[in-house]
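I have placed the structure first, in the form of structure tokens, so that the comments after it can refer back to it.
Side-chain atoms are counted along with the backbone in the values below, which use heavy atoms only and exclude waters and symmetry mates.
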Amino acid sequence: MQQQLQAQQLLLRQQPFRPAKSPRTERFLIRCSAESDEISRRAAVAGGSAILGSAALSLATNGNAVAAPLAPFAPGPMSDADTLPAIPHKNISKGLPGQDLEVSQVIKGCWQLSGGHRGDAASDRTSGSAAVEDFGKFVNAGIDTLDCADHYGDAEAIIGRYLKQDGTENVKVLTKACIWGSNLGKVGSGDTLEKEYIDRSRERLGRSKLDLLQFYWHDYGNKQYVDAALKLRDMKGRGKIANIGVTNFDVTHLAKIVDAGVPIVSNQVQYSLLDRRPQNGMIDYCRENGIAILPYGVVAGGLLSDRYLGAEPAKMDFNTSSLRKYASVLQAAGGWKWYQRLLRELRAVGDNHGGVSIANVASRWVLERDTVGALILGARNASHVADHRALFSFQLDEEDYDRINTVLALSQPPDGDCYTWERGGRF
């Protein structure tokens, strides 16, 4: 069993880290081998969105019970805002000639402004003036890139209100045009895409040109997605869009758009320690074509955090859309016992770096992956800003990777492409 774990661990490793093992890691591997029969290694994986929410019920048998509050993790000296590093920026379009899109390496995700994410009322700042005020706290910390979408409720309008109020021309806004339902048959021809998506987003944000328009197409059976992407290229030429990206595309269909001559800067996909599907081909394709990956779901709606270390599933309350969604991912990845094992090891890694949070260890693991340009981290309020800055106070070392990869080797590895599961395919 130990040899099997070591072999799987080496497969999980990515450059520039070498496969040498330290004595501490060897002892850890032996302990993993002895305990592995206690870990649930298989998950009940059903196709598509039908399981979203059902996994939450299987993880928490008392779905209405509120989890006993866990003391929030306080990362000691890392909490001193005066000593924390600034959020770095990166040009994620440097692989494409004539493109220029520099973003903060932590992007504020605004799905939380769409409704259904309010959770505890005392800490909710996902709407109205509170949401507008919080933008300033993120921007002042260097998190001056915001991610939203046409269907995120009032998110675009709230961002537009902030931009008008503060006059922040340096803030980058990444939005989306997500095509599904009856509109799948409309946007490939005529002006539906331009009038009902692009122009509406420009109006709500109060900007004449969109910094990045990320394109989503739900049904690949409708082949008009290439024609629609070419229309976006035309709008880019006319100055309505600065950069074009996609979101939740798999390799096969992203390649068709790129081959048609559409200059794709980025693909926004779900990527975390729980969901490693981008490693099944997407990372390689993006590296070869100068495309940046913008991961969301990096901390699985907060499940990859100190708050849930030691939590009992029967006492969990999945009271936001994020938690319900990522509970399904957790179940597919390996189940509750495996998840708690992962949290314990992430906590140990954080302790080896001065007490950084589990969320930062999990985020750092994604940020250090090849082709990742920046992380999209959603937040219901600005209380996480200091912790986002602490993300850049350390790097994972070889022993950290050995430790994490050993636990990943005990999971149910995904074999599907990005967003295939959500479209009804396999995880």
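Ring orientation note: the planes of Phe215 and Trp217 are tilted relative to one another, at an angle of 30° to 60°. Using a 30° and 60° split on the angle between ring planes, Tyr220 and Phe249 fall in the tilted class, from 30° to 60°.
Residues satisfying the side-chain contact (heavy atoms from CB on, under 4.5 Å) criterion with Ala260, sequence neighbours excluded, are Val226, Leu230.
Not one N or O on the side chain of Ser363 forms a donor-acceptor pair closer than 3.5 Å with the backbone of Asn360. Using modelled atom types, no side-chain atom of Ser411 and backbone atom of Gly334 make a donor-acceptor pair closer than 3.5 Å. In terms of modelled atom types and a separation under 3.5 Å, the side chain of Glu368 and the main chain of Leu396 share a donor-acceptor contact. With hydrogens and angles disregarded, a donor-acceptor distance shorter than 3.5 Å links the side chain of Arg233 to the backbone of Gly261. Formation of a donor-acceptor pair under 3.5 Å by the Asp306 side chain with backbone atoms of Ile358 is found in this model. Looking at Lys176, its side chain does come within 3.5 Å of a backbone N or O of Cys148 through a donor-acceptor pair.
Using a 4.5 Å heavy-atom cutoff, the side chains of Asp417 and Arg277 are not in contact. In this structure, the side chains of Leu330 and Trp338 stay at 4.5 Å or more apart for every pair of heavy atoms. Put simply, the side chain of Arg207 reaches to within 4.5 Å of the side chain of Leu163, judged on heavy atoms. Taking 4.5 Å as the limit, some side-chain heavy atom of Arg276 sits within range of a side-chain heavy atom of Leu408. Between Arg389 and Val106 the shortest side-chain heavy-atom distance does not fall below 4.5 Å.
Using a cut-off of 4.0 Å between Lys/Arg side-chain N and Asp/Glu carboxylate O, Arg287 and Asp284 are scored as salt-bridged. Salt-bridge formation is detected for the pair Arg238/Glu194: a Lys NZ or Arg NE/NH1/NH2 atom is positioned less than 4.0 Å from an Asp or Glu carboxylate oxygen. Salt bridge status for Arg426 with Asp415: present, with a side-chain N to carboxylate O gap under 4.0 Å. Using a cutoff of 4.0 Å between basic side-chain nitrogens and carboxylate oxygens, Lys240 and Asp199 are scored as salt-bridged. The pair Asp400-Arg403 fails the salt-bridge criterion, with no side-chain N (NZ, NE, NH1 or NH2) lying under 4.0 Å from an Asp/Glu carboxylate O. The pair Lys231-Asp234 does not meet the salt-bridge criterion, since no charged nitrogen lies less than 4.0 angstrom from a carboxylate oxygen. Remark: Glu196 does not engage Arg200 in a salt bridge, criterion side-chain N to carboxylate O under 4.0 Å.
Taking NZ of Lys172 as the reference point, atom OG1 of Thr145 lies at 7.0 Å (rounded to 0.5 Å). For the atom pair CH2 of Trp365 and CG of Leu346, the computed distance is 10.5 Å after rounding to the nearest 0.5 Å.
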Passes salt bridge (Lys or Arg N to Asp or Glu O under 4.0 Å), Lys256 versus Asp259? Steps please. CA-CA 5 Å; Lys256 291 183 184 299; Asp259 291 346; over 6 Å; no

Can you list, pair by pair, the side-chain donor-acceptor contacts under 3.5 Å of residues 293-304, counting residues two or more places apart and other chains?
unit_1: Tyr296; atom_1: OH; unit_2: Asn248; atom_2: OD1; d: 2.9
unit_1: Tyr296; atom_1: OH; unit_2: Asn248; atom_2: ND2; d: 3.4

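The stretch residues 175-198 participates, sequence neighbours left out, in these ring pair (Phe, Tyr, Trp, His ring centres under 6.0 Å) pairs: His151-Trp180, Trp180-Tyr216.
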